[in-house]
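Fair warning: this is a prediction, and the values are worked out from it, not measured in the lab.
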Amino acid sequence: MEIFIDADGCPVKEEVYRVAGRHKLKVWVVANKRMNIPHQLNIEMRVVSGDPDAADDWIAAHIKESDLCVTADIPLADRCLRAGALALDPRGNEWTEDNIGDALASREVMKMLREMGEVRGGPAPMRDRDRSNFLSALEALIQKQRRRAL
């Protein structure tokens with residue numbers, strides 16, 4: 001199992017590094033620009049072109065069935081699920097076949113409303129509870145994948 005982080009704007013990178021280190025899992029930090037990452041053998045930075053979807057495309061091309069992607073990007077989560085991988089958002093919500101279709105549809109409606117000027121702003125700021133939910137969900141998904149591998 002490897003963990004892929006859609007890193008541009010991801011607020012839980014440090015949490016992923018800690019959990020992955022404890023489980024000795026490889027982490028791919030994928031972004032459009034270089035960022036500071038811990039100097040650990042299990043963490044690797046992949047800088048992709050400035051194209052808005054370049055990080056998503058790289059992750060989708062490299063993720064495997066046993067892997068996990070941490071992303072708030074719903075279309076990328078969908079691509080990972082179609083590859084047989086797991087996907088988790090930074091607030092600890094697992095993307096699944098059961099919820100991804102509704103999430104994609106809601107995303108399109110919100111995009112349309114933003115374009116019409118009806119909706120402004122983005123997601124609420126991360127809270128300690130969100131980080132705690134993320135850590136619990138990440139640990140649960142790692143354990144789930146380990147049981148599958150047995």
Side-chain angles (χ1 to χ4, degrees), residues 1-21 23-127 130-131 133-135 137-142 144-145 148:
M1 176 183 201
E2 296 181 345
I3 300 175
F4 291 75
I5 303 175
D6 183 11
D8 290 319
C10 180
V12 291
K13 292 185 286 290
E14 294 298 324
E15 289 84 349
V16 173
Y17 303 152
R18 266 197 327 262
V19 173
H23 289 282
K24 296 178 176 48
L25 298 173
K26 174 78 173 187
V27 176
W28 292 96
V29 181
V30 186
N32 294 96
K33 62 182 185 292
R34 181 152 300 283
M35 54 184 63
N36 290 328
I37 61 169
H39 296 288
Q40 297 172 348
L41 292 176
N42 69 313
I43 302 172
E44 189 167 334
M45 178 82 215
R46 180 64 55 168
V47 179
V48 295
S49 74
D51 177 59
D53 291 326
D56 298 357
D57 292 342
W58 193 92
I59 292 170
H62 292 86
I63 200 160
K64 301 177 300 301
E65 188 173 334
S66 61
D67 295 336
L68 167 68
C69 180
V70 176
T71 184
D73 186 297
I74 299 167
L76 173 58
D78 182 51
R79 292 170 74 181
C80 293
L81 291 176
R82 283 189 272 131
L86 297 172
L88 183 65
D89 84 2
R91 295 180 190 275
N93 301 305
E94 181 182 1
W95 298 112
T96 67
E97 296 296 329
D98 292 335
N99 66 20
I100 198 72
D102 287 343
L104 285 165
S106 294
R107 177 184 179 274
E108 287 305 310
V109 169
M110 292 303 291
K111 179 180 172 187
M112 215 168 47
L113 290 173
R114 276 192 301 277
E115 288 170 354
M116 294 170 42
E118 298 293 321
V119 175
R120 290 183 179 80
M126 287 286 288
R127 299 178 309 216
D130 297 321
R131 290 181 192 287
N133 289 343
F134 174 79
L135 283 167
L138 179 60
E139 185 69 36
L141 288 178
I142 290 169
K144 178 179 170 180
Q145 284 297 71
R148 276 188 194 170

message = Under the rule for side-chain hydrogen bond (donor to acceptor under 3.5 Å, both in side chains), what residues qualify as partners of E65, not counting sequence neighbours?
response = none
note = Shortest non-hydrogen pair, D89 vs F134, comes out as O-CD1, 3.4 Å
side-chain contact (heavy atoms from CB on, under 4.5 Å) partners of E139, counting only residues at least two apart = V19, R22, H23, Q143
task = Using side-chain contact (heavy atoms from CB on, under 4.5 Å) as the criterion, point out the one residue from L138, L86, L68 that pairs with E94.
result = L86
task = Indicate the atoms forming the closest heavy-atom contact of A31 with M35, along with that distance.
result = CB-CE, 3.6 Å
request  = Keeping to residues at least two apart or across chains, list the side-chain hydrogen bond (donor to acceptor under 3.5 Å, both in side chains) pairs with something in residues 26-38.
outcome  = E2-W28, K26-E44
query = Can you tell me how far CG of L76 sits from CG of L81, rounded to the nearest 0.5 angstrom?
reply = 9.5 Å
message = Measuring only between side-chain heavy atoms, which start at C-beta, is N133 closer than 4.5 Å to R91?
response = no
query = Sequence neighbours excluded, which residues qualify as side-chain contact (heavy atoms from CB on, under 4.5 Å) partners of A20?
reply = I3, L25, V27, N42
ask   = Between F4 and T71, is any pair of side-chain heavy atoms under 4.5 Å apart?
value = no
task = Quick one: list whatever passes side-chain hydrogen bond (donor to acceptor under 3.5 Å, both in side chains) with R148, sequence neighbours left out.
result = Q145
task = Compare all side-chain heavy atoms of K13 with those of V70 and state whether any distance is below 4.5 angstrom.
result = no
note = Closest non-hydrogen atoms of A87 and A77, given as atom of the first, atom of the second and distance, are CB-CB, 4.0 Å
What donor-acceptor contacts under 3.5 angstrom involve side-chain atoms of residues 50-60, with partners at least two apart or in another chain?
unit_1 : atom_1 : unit_2 : atom_2 : d
D51    : OD2    : D53    : N      : 3.4
D57    : OD1    : R79    : NH1    : 2.8
D57    : OD1    : R79    : NH2    : 3.2

ask   = Under 4.5 Å between any side-chain heavy atoms of I74 and W95, yes or no?
value = yes
query = Any idea which heavy atoms bring D67 and I63 closest together, and the distance?
reply = CB-CG1, 3.5 Å
request  = Indicate yes or no: at least one non-hydrogen side-chain atom of M126 is less than 4.5 angstrom from one of V12.
outcome  = yes
